[in-house]
Amino acid sequence: MSEKPKNTEKPKNTEKAEQQRLSVFKTYKLYVGGKFPRSESGRVYEVTDSKGEWLANAPLSSRKDARDAVVAARKAFGGWSGATAYNRGQVLYRVAEMLEGRRDQFVREVADSEGLSKPKAAAVVDAAIDRWVWYAGWTDKIAQVVGGGNPVAGPYFNLSTPEPTGVVTVLAPQESSFLGLVSVIAPVIATGNTVIVIASENSPLPALSLGEVLATSDVPGGVVNILSGKTAEIATPLAAHQDVNAIDLAGADDVLAKELEVAAADNLKRVVRPQAVDYFAAPGIERLTAFLETKTVWHPTGALGASGSSY
C-alpha cells in the first residue's frame, strides 16, 4: 500500500503568530563591579547609526556611577594584581574565545555604529579579537623586557621588577568603537591594573556588549568597569578622583584633554595624552609600560671580605 503524502503546510494559526511576532529589543546597561546596573540617575540617551536612525537607548552615566566604578575597581585590584601573569594571560585569552563565539553580533553592532559595510566591520572585529590574543601573550613576558638585574658597584644584587600602577581611567577612542576600545583596555588589565572605561559617546553599543562578554570570561568583577554617556561629564570627576592612579585620554579632544590633565595633576596621576593612532597597525608595548611602576630591590650577595669568599 502506498503511504499517504505528508501535509507540509503550516497551520494557519502558526503563520498568523509569526506575522504578529515583535522583535525583542535589547536593554543596554552599564557594567560595574561584575554587575549590570542601570545608571544611578535613571537617565538614558538615544544612540543612532551613521544615517541618524535610532539604534537603542544607552545609559547616561552620572558622577555617582563614576564613583561607584572607582570603588569596584579598587576592590578588585588586590586580587587581580596578585594573580600570576600566566593566569591573567589565560583570562584574556578566554575573552578572545568568547568574542569569537559572538562575532556576528559585534560585526552587526560595529557596522551600525561606524557606518561600515559588513566585510569591513568583520575585519575590525577580527582584528579586535586578535588584539586580545596578542596582549594575552604578553602578560608573562613584559616583566622580562622591562625588568631585570642591574649592575652595581658593591656586593649586592640589584633587581628591578614592574608592578601595576593601580586604578586606571580610560577614555575610549570616539571613532573606533571596538578595535580602538580593545586596544586601550587590554594592555591596562594585562599588566595587572583595573580599569574604568568611558565608552565612545556616539557609538557605545559595542563597548556595552563587551561587558556581557567579560562577565562570562573569568574576568573578576570590578577588573573592567564600563560606563556610557557624555564623555566630559564622566571624565571630569574621574580625573580629579584621589583613588584613580592614571588616566588614558585617547578619546578626549584637545580642549577636554587639557582640562583633564590639570585635574589629574592634583594627585600626580600618570597621564597618556591623546595622539593619532592607526589601530589596525601592529601595537607596540607602549601602552603596556605606560601603566607600570618599577620596584627595585637590593640584596647582599653574601661576599664576606676582600678575598671574595662567600657563604
Side-chain angles (χ1 to χ4, degrees), residues 31 80 85-111 113-114 116 118-143 145-146 164 168-200 203-219 223-226 246 248-251 272 274-292:
Y31 182 58
W80 183 244
Y86 179 74
N87 179 242
R88 287 199 299 270
Q90 290 178 308
V91 173
L92 263 68
Y93 189 83
R94 177 63 175 165
V95 174
E97 289 180 338
M98 298 300 290
L99 284 172
E100 189 77 38
R102 297 178 64 165
R103 178 177 179 274
D104 291 344
Q105 174 195 346
F106 282 96
V107 168
R108 183 176 64 254
E109 290 185 340
V110 169
S113 297
E114 300 182 21
L116 301 176
K118 287 295 176 66
K120 288 184 178 180
V124 168
V125 173
D126 289 343
I129 295 171
D130 293 346
R131 191 64 45 86
W132 275 110
V133 175
W134 194 85
Y135 279 115
W138 268 104
T139 56
D140 58 355
K141 300 174 182 65
I142 189 65
V145 174
V146 299
V168 181
T169 292
V170 171
L171 280 63
Q174 297 297 331
E175 304 303 324
S176 186
S177 64
F178 191 53
L179 177 55
L181 173 79
V182 168
S183 298
V184 295
I185 294 177
V188 174
I189 65 173
T191 49
N193 299 287
T194 55
V195 65
I196 300 116
V197 183
I198 303 174
S200 167
S203 305
L205 303 188
L208 296 175
S209 291
L210 178 62
E212 298 172 4
V213 171
L214 297 172
T216 55
S217 302
D218 303 328
V219 179
V223 170
V224 179
N225 305 275
I226 301 175
D248 185 342
L249 302 176
V272 174
Q275 52 190 310
V277 179
D278 177 7
Y279 289 109
F280 272 104
I285 63 170
E286 291 79 11
R287 277 197 154 82
L288 285 167
T289 58
F291 304 112
L292 287 174

So which atom in [X] and which in [Y] form the shortest heavy-atom distance, rounded to 0.1 Å?
X	Y	result
Glu109	Pro206	OE1-CA, 3.7 Å
Ala136	Tyr93	CB-N, 3.8 Å
Ala207	Ile226	O-CD1, 3.3 Å
Ser200	Ala172	N-CB, 4.1 Å
Ala250	Tyr279	CB-OH, 4.2 Å
Val272	Ala290	CG2-CB, 3.8 Å

Is a side-chain donor or acceptor of [X] paired with a backbone partner of [Y] at a separation under 3.5 angstrom?
X	Y	result
Glu114	Ser177	yes
Trp132	Val182	no
Asp140	Ala85	no
Asp248	Val184	no

Could you tell me if the side chain of Trp80 sits less than 4.5 Å from the side chain of Asn193, heavy atoms only?
no

Taking C-beta and beyond as the side chain, do Arg108 and Gln105 meet within less than 4.5 Å on heavy atoms?
yes

By the definition side chain to side chain contact (heavy atoms under 4.5 Å, CB included), identify the one residue from Asp130, Val125, Leu210 that meets it with Leu99.
Leu210

Only one of Leu249, Leu181, Val188 forms a side chain to side chain contact (heavy atoms under 4.5 Å, CB included) with Val170, so which one is it?
Val188

Rounded to the nearest 0.5 Å, how far apart are [atom1] of [X] and [atom2] of [Y]?
X	Y	atom1	atom2	value
Glu286	Gln275	CD	CD	8.5 Å
Ile285	Tyr135	CD1	OH	10.0 Å
Leu214	Leu92	CG	CG	9.0 Å
Arg102	Ile129	CZ	CD1	11.5 Å
Thr169	Ile196	OG1	CD1	4.0 Å
Thr191	Arg287	OG1	CZ	12.5 Å

salt_bridge(Asp126, Arg103) N-O dist < 4.0 Å
yes

Run the numbers on Arg88 and Ile189 for side-chain contact (heavy atoms from CB on, under 4.5 Å), then give the verdict.
CA-CA 8 Å; Arg88 287 199 299 270; Ile189 65 173; over 6 Å; no

Give a yes or no on this: more than 12 heavy atoms of other residues, nucleotides or ligands lie within 6.0 Å of atom NZ of Lys120.
no

Would one find more than 12 heavy atoms of other residues, nucleotides or ligands at under 6.0 Å from atom CD of Glu175?
no

Provide the full list of ring-ring contact (aromatic ring centres under 6.0 Å, His included) pairs with a residue in residues 180-199, sequence neighbours left out, each pair given once.
none

Would you check, one step at a time, whether the test side-chain contact (heavy atoms from CB on, under 4.5 Å) holds for Val197 with Tyr31?
CA-CA 10 Å; Val197 183; Tyr31 182 58; over 6 Å; no

